[in-house]
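In what follows, chains are A, B, ... by sequence order, proteins preceding strands, each numbered from 1.
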Amino acid sequence: MRIRIRYYASLRELIGTSSEELDLEEGSRVGDLMRVIMGLHEALKGLKGILIAVNGEYVEMDEELREGDLVALFPPLSGG
Amino acid sequence: MIELRREDFSIDEALGRLLKGGMGAVVIFLGVVRDESKGKAVERVEIEAYDEMAMRQLEAIRREAMERFGVKEALIIHRHGSLKASERIMMIAVGAAHRVEAFDACRYIIESIKVRVPIWKKEITPEGEFWVEEAGRQG
């Protein structure tokens with residue numbers, strides 16, 4: 001299944017792209033996706049506090065992904 | 001009552017939208033660009049938002065504050081883009097029957113924004129550019 005990924009703020013600058021698409025096996029969870037992403041992007045390894053949202057909602061690592069999901073990865077926040 | 005915008009805003013115009021019958025207290029919080037950070041002079045900040053999610057989170061926080069503290073109305077405006085030192089970044093206004101719930105709701109809104117709304121600030125200084133990464137739901 002195809003998953004869309006967006007990177008924001010310092011993560012986008014670290015890996016040099018704001019979005020990409022990845023193919024995952026059916027039934028994959030957010031944790032599986034994160035392992036693939038960490039394998040692709042050396043710059044993200046060891047970073048603490050990465051926040052993950054699927055379709056605009058915060059999720060945990062065991063959240064199951066579905067075809068066409070939009071996954072956003074971003075660093076700790078600094079709004080307000 | 002929720003806005004994410006590039007341009008500056010008018011406090012009076014926002015108050016005009018907020019005020020309604022039964023209000024006896026309005027608390028306003030303004031966030032502005034500080035001209036220094038960790039000993040460095042800050043010329044400007046670049047503010048980036050994950051727009052769709054930020055709007056949803058802001059609306060959820062507004063509703064929670066209104067329900068939890070029983071205030072009559074709450075308004076949140078947050079800017080993004082390039083802002084110079086002393087420019088306004090955000091405004092929260094809460095109208096309630098009495099001051100205690102207005103202060104409490106306003107405090108709840110700003111503290112929730114800090115940890116839940118996907119917005120980031122990069123400080124531009126003579127010594128370089130630095131992302132501010134303070135807080136996060138899972139951090």
Side-chain angles (χ1 to χ4, degrees), chain A residues 2-22 29-38 41-66 68-80, chain B residues 2 4 29-34 37-38 42 45-61 76-81 83 88-92 106-123 128-139:
Chain A
R2 201 82 171 149
I3 301 294
R4 299 171 293 152
I5 301 143
R6 281 196 207 158
Y7 301 97
Y8 287 90
S10 60
L11 300 195
R12 183 191 65 248
E13 292 187 351
L14 276 171
I15 66 172
T17 188
S18 60
S19 66
E20 63 186 336
E21 295 196 359
L22 291 173
R29 295 174 189 273
V30 170
D32 301 319
L33 173 66
M34 289 304 288
R35 277 187 286 279
V36 174
I37 288 173
M38 291 300 163
H41 301 294
E42 196 74 18
L44 299 184
K45 278 186 183 160
L47 280 187
K48 287 195 166 50
I50 292 180
L51 300 167
I52 308 162
V54 175
N55 303 325
E57 300 289 342
Y58 288 108
V59 294
E60 303 297 335
M61 287 293 180
D62 61 357
E63 179 86 2
E64 193 170 329
L65 293 167
R66 288 179 179 75
D69 273 350
L70 175 61
V71 180
L73 265 62
F74 43 83
L77 314 171
S78 51
Chain B
I2 299 291
L4 196 56
F29 172 88
L30 284 180
V32 300
V33 180
R34 197 168 39 244
S37 176
K38 295 173 184 162
V42 174
V45 295
E46 301 277 352
I47 297 178
E48 175 176 336
Y50 174 5
D51 296 32
E52 310 94 304
M53 183 174 173
M55 288 295 287
R56 289 230 297 272
Q57 286 285 331
L58 287 170
E59 181 58 30
I61 291 167
I76 309 171
I77 302 171
H78 203 301
R79 294 176 68 194
H80 59 112
L83 305 181
R88 298 188 286 221
I89 300 174
M90 72 165 309
M91 170 179 177
I92 299 167
C106 190
R107 182 69 188 258
Y108 175 84
I109 292 172
I110 181 61
E111 299 303 336
S112 299
I113 288 172
K114 293 274 180 193
V115 296
R116 284 168 54 186
V117 181
I119 295 177
W120 306 271
K121 219 177 270 154
K122 183 200 263 181
E123 293 170 340
E129 303 180 358
F130 304 94
W131 286 102
V132 183
E133 296 176 355
E134 290 164 344
R137 178 175 166 271
Q138 297 156 341

Original post:
Should the heavy atoms of other residues, nucleotides or ligands under 6.0 Å from CZ of R88(B) be counted, would the total exceed 12?
Top reply: yes
Subject >> Gap between atom CD of E52(B) and atom CG of L70(A) - 0.5 Å precision >> reply: 7.5 Å
Subject >> chain A contact via I47(B) - side chain, backbone, both or neither, heavy atoms under 4.5 Å >> reply: neither
Subject >> N55(A) to R56(B) - nearest heavy-atom pair and separation >> reply: O-NH2, 2.9 Å
Original post:
Is any side-chain heavy atom of P75(A) closer than 4.5 Å to a side-chain heavy atom of W131(B)?
Top reply: no
**OP:** Tell me, for V117(B) versus chain A, whether the close heavy atoms (under 4.5 Å) come from the side chain, the backbone, both or neither.
**Re:** backbone
Subject >> Heavy-atom contact with chain A under 4.5 Å, split by part of A49(B) >> reply: backbone
Original post:
Between V115(B) and Y58(A), what is the shortest heavy-atom contact and its length?
Top reply: O-OH, 4.5 Å
Original post:
Which bit of Q57(B) comes within less than 4.5 Å of chain A, counting heavy atoms only: side chain, backbone, both or neither?
Top reply: side chain
Original post:
At what distance, to the nearest 0.5 angstrom, does OG of S10(A) lie from CD of E48(B)?
Top reply: 9.0 Å
**OP:** Classify the ring geometry between F74(A) and Y50(B) as parallel (under 30°), tilted (30 to 60°) or perpendicular (over 60°).
**Re:** perpendicular
Subject >> Expected output: side-chain K114(B) to main-chain S78(A) donor-acceptor under 3.5 Å >> reply: no
**OP:** Find the distance between CD (E133(B)) and CG (L51(A)) and round it off to the nearest 0.5 Å.
**Re:** 9.5 Å
**OP:** Find the distance between NZ (K122(B)) and CD (E13(A)) and round it off to the nearest 0.5 Å.
**Re:** 3.5 Å
